[in-house]
Amino acid sequence: MCHFTQRSSALSFPKIRNVFWRFHHTSTSHLCSCSKTVSDEKYQDPFQLGRKDLKNLYEDIKKELLVSATELKEMCDYYFDGKGKAFRPMIVVLMARACNIHHNNSKEVQASQRSVAIIAEMIHTASLVHDDVIDDANSRRGKRTLSQIWGERKAVLAGDFILSAASVALARIGNTTIISVLTQVIEDLVRGEFLQLGSKENENERFAHYLEKTFKKTASLIANSCKAVSILGCPDPKVHEIAYQYGKNVGIAFQLIDDVLDFTSCADHLGKPTAADLKLGLATGPVLFACRQFPEMNAMIMRRFSKPGDVERARKYVLQSDGVQQTTYLAQRYCHAATREISKLRPSPEREALIHLTEMVLLRDK
């Protein structure tokens, strides 16, 4: 998926490059295809390396969700069944260790840093519960959604309860700076959802709108969680910015690949329906890039694929275009930016694992 000729460079999208980089304040130049960025000798499996700090993660989350009402407890426990990838907590604990080692060669994760990992997973899960209600989704992680089993009203309340429990855990850390950083995530989630409800007529504004929405709905949680653990482990503002920029770039790349998989992966493998975004009226990266080659898609985008046959036609256009390749190449650029940022820290197994993680984001298939 990630090897392209120079023909599929995102630079070929007129004016998009300027909009894209102006919004994200990055300074990337030409970036090569996603070859190995770490040697076999330095290879570190992020999930293996983070496993120690994530032991009993879901049991600890359930302790934060102590509730006497049986039905509410069942709903809150539904997604915390230990079968998730724990992608976000894993990044957070690896970043915590990398920053601690950079600062004073400490190889331990502080209790407050691990709490940030727990809180990040709780906020993420609450957002999924609410998203599934908004999107009227039938499946998530290969099983029925909360709203399909218990109904929309109860699902909203369960999401609210998980979010409130995360807020209590956040307050318990007792650091006002960390509270400010992580509550920004909740604000961004709401603002991102509102951005998703809107659209832009101008092609370049539309792409910037899409990237801003992607940051707020997906990347902000990773970026600010990484920043929070760096603040707890190191007093240097430069390190805080490195952690934030790494999380932001990896988070955006993750979502771009997610948007690609919506067109290239089968529903059984993905664990949720494919072409789901089109059915919701959403124009993601592959669609926006495909629109260059098939201008007739503009009308479909503006009416949010609401006419009979729009979804099928749009999907066909995307697969006939280079939209998938262009979006993957864009994700690749973000991953390279993340690698450049994290490489500024002192060498450590955790730093190398975070570098390798950018490759895993590009090559994942679900």
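Residues take their numbers from the sequence shown, with the count starting at 1. Computed from a predicted structure; not experimentally measured.
Nearest heavy atom pair, residue Gly233 against residue Gln110, reads CA-NE2, 3.8 Å. Closest approach of Val133 and Ala155 over heavy atoms only: CG2-CB, 3.7 Å. Between Arg351 and Ser343, the closest heavy-atom pair is NH1-O, 3.2 Å. Of all heavy-atom pairs between Val109 and Val93, the closest is CG2-O, 4.1 Å. Taking all atoms of both residues into account, the shortest heavy-atom contact from Ile61 to Ile118 is CG1-CG2, 3.6 Å. Pairing each heavy atom of Ala338 with each of Tyr246, the nearest pair is O-CD1, 3.3 Å.
Of the possible polar contacts, one joining the Thr327 side chain to the Gly323 backbone as a donor-acceptor pair under 3.5 Å is found. A donor-acceptor contact shorter than 3.5 Å links the side chain of Thr145 to the backbone of Ala137. Panel note: side chain Asp262, backbone Ala276; a donor-acceptor pair is recorded below 3.5 Å. With Ser225 contributing its side chain and Ile222 its backbone, the two residues share no donor-acceptor pair below 3.5 Å. Using modelled atom types, one side-chain atom of Tyr210 and one backbone atom of Gly285 make a donor-acceptor pair closer than 3.5 Å. Between the side chain of Ser127 and the backbone N or O of His124, at least one donor-acceptor pair lies under 3.5 Å. For Gln332 (side chain) and Leu362 (main-chain N/O), no donor-acceptor pair under 3.5 Å exists by modelled atom type. Side-chain atoms of Arg114 come within 3.5 Å of backbone atoms of Asp53 as a donor-acceptor pair (strictly under, hydrogens ignored). Side-chain atoms of Gln148 do not come within 3.5 Å of backbone N or O of Asn138 as any donor-acceptor pair. Distance alone, capped at 3.5 Å, is enough to place a donor-acceptor pair between the Ser230 side chain and the Lys227 backbone.
Contact check for Glu121 versus Tyr79: no side-chain heavy atoms found under the 4.5 Å cut-off. Side-chain contact between Ile252 and Thr218 is absent, with no heavy-atom pair separated by less than 4.5 Å. In this structure, Leu345 and Ile101 have side chains that are not in contact, with every pair of non-hydrogen atoms separated by 4.5 Å or more. A heavy-atom distance below 4.5 Å is not found between the side chains of His336 and Thr358. Residues Leu49 and Met90 are not in side-chain contact: their nearest non-hydrogen atoms beyond the backbone lie 4.5 Å or more apart. You'll find the side chain of Met75 stays beyond 4.5 Å of the side chain of Phe161, heavy atoms only. Contact of the Cys99 side chain with the Val229 side chain is not registered, since no non-hydrogen atoms from C-beta on lie closer than 4.5 Å. The side-chain heavy atoms of His103 and Pro235, taken from C-beta on, include a pair separated by under 4.5 Å.
When each of Lys217, Lys248, Lys213, Lys216 is checked for a salt bridge (Lys or Arg N to Asp or Glu O under 4.0 Å) with Asp188, only Lys216 meets the rule. Partner of Pro46 under the side-chain contact (heavy atoms from CB on, under 4.5 Å) criterion, chosen from Glu352, Arg51, His356: His356.
Under the 4.5 Å side-chain heavy-atom criterion for Ile, Leu, Val, Met, Phe, Trp and Tyr, Val318 and Val311 are members of the same hydrophobic cluster. Linking ILVMFWY side-chain heavy atoms closer than 4.5 Å, directly or via other members, places Met95 and Val361 in a single hydrophobic cluster. Under the 4.5 Å side-chain heavy-atom criterion for ILVMFWY residues, no single connected hydrophobic cluster contains both Val156 and Ile186. Hydrophobic clustering (ILVMFWY, side-chain heavy atoms < 4.5 Å, transitive): Val129 and Leu163 are in distinct clusters. Leu72 is not connected to Leu146 by any chain of hydrophobic side-chain contacts under 4.5 Å among Ile, Leu, Val, Met, Phe, Trp and Tyr, and they are in different clusters.
Distance check, rounded to the nearest 0.5 Å: CZ of Phe289 to CG of Asp259 gives 11.5 Å. In this structure, CD1 on Ile134 lies 4.0 Å from CD on Glu193, to the nearest 0.5 angstrom. Once rounded to the nearest 0.5 Å, the distance linking CD of Glu212 with CZ of Arg191 reads 9.5 Å. Between the CE atom of Met300 and the CZ atom of Phe294 there is a distance of 9.5 Å, given to the nearest 0.5 Å. For the atom pair NZ (Lys154) and OG (Ser147), the distance works out to 13.0 Å, reported to the nearest 0.5 Å. To the nearest 0.5 Å, atoms CD1 (Ile162) and CG (Leu157) are separated by 11.5 Å.
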Full working for side-chain contact (heavy atoms from CB on, under 4.5 Å) between Lys344 and Gln245
CA-CA 12 Å; Lys344 297 173 184 177; Gln245 290 296 331; over 6 Å; no

Are Ser112 and Asn175 close enough, and set up right, to give a side-chain contact (heavy atoms from CB on, under 4.5 Å), and what steps lead you there?
CA-CA 10 Å; Ser112 58; Asn175 185 312; over 6 Å; no

Carefully, step by step, assess His240 and Tyr244 under the rule side-chain contact (heavy atoms from CB on, under 4.5 Å).
CA-CA 6 Å; His240 307 163; Tyr244 179 86; over 6 Å; no

Show your working on side-chain contact (heavy atoms from CB on, under 4.5 Å) between Leu189 and Val185 and close with a plain yes or no.
CA-CA 6 Å; Leu189 284 168; Val185 173; 4.3 Å; yes

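Counting only N and O atoms by type, the side chains of Asn224 and Ser220 include a donor and acceptor under 3.5 Å apart. Under 3.5 Å, the side chains of His130 and Asp160 contain a donor-acceptor pair of N or O atoms. No donor-acceptor contact under 3.5 angstrom links the side chains of Glu350 and Asn100, judged on distance only.
Taking the ring centre of Phe80 as origin, the terminal cationic atom of Lys62 falls outside the region bounded by 6.0 Å and 45° from the ring axis. Arg88 forms a cation-pi arrangement with Phe254, by the criterion of a distance under 6.0 Å to the ring centre and an angle within 45° of the ring axis.
In summary, Asp135 and Arg140 do not engage in a salt bridge, as defined by a charged side-chain N under 4.0 Å from a carboxylate O. For Arg304 and Asp310, the salt-bridge test fails: no basic side-chain N is under 4.0 Å from an acidic carboxylate O.
Ring-plane geometry between Tyr78 and Trp150 is classed as perpendicular, the angle between the planes exceeding 60 degrees on a 0 to 90 degree scale with a lower cut at 30.
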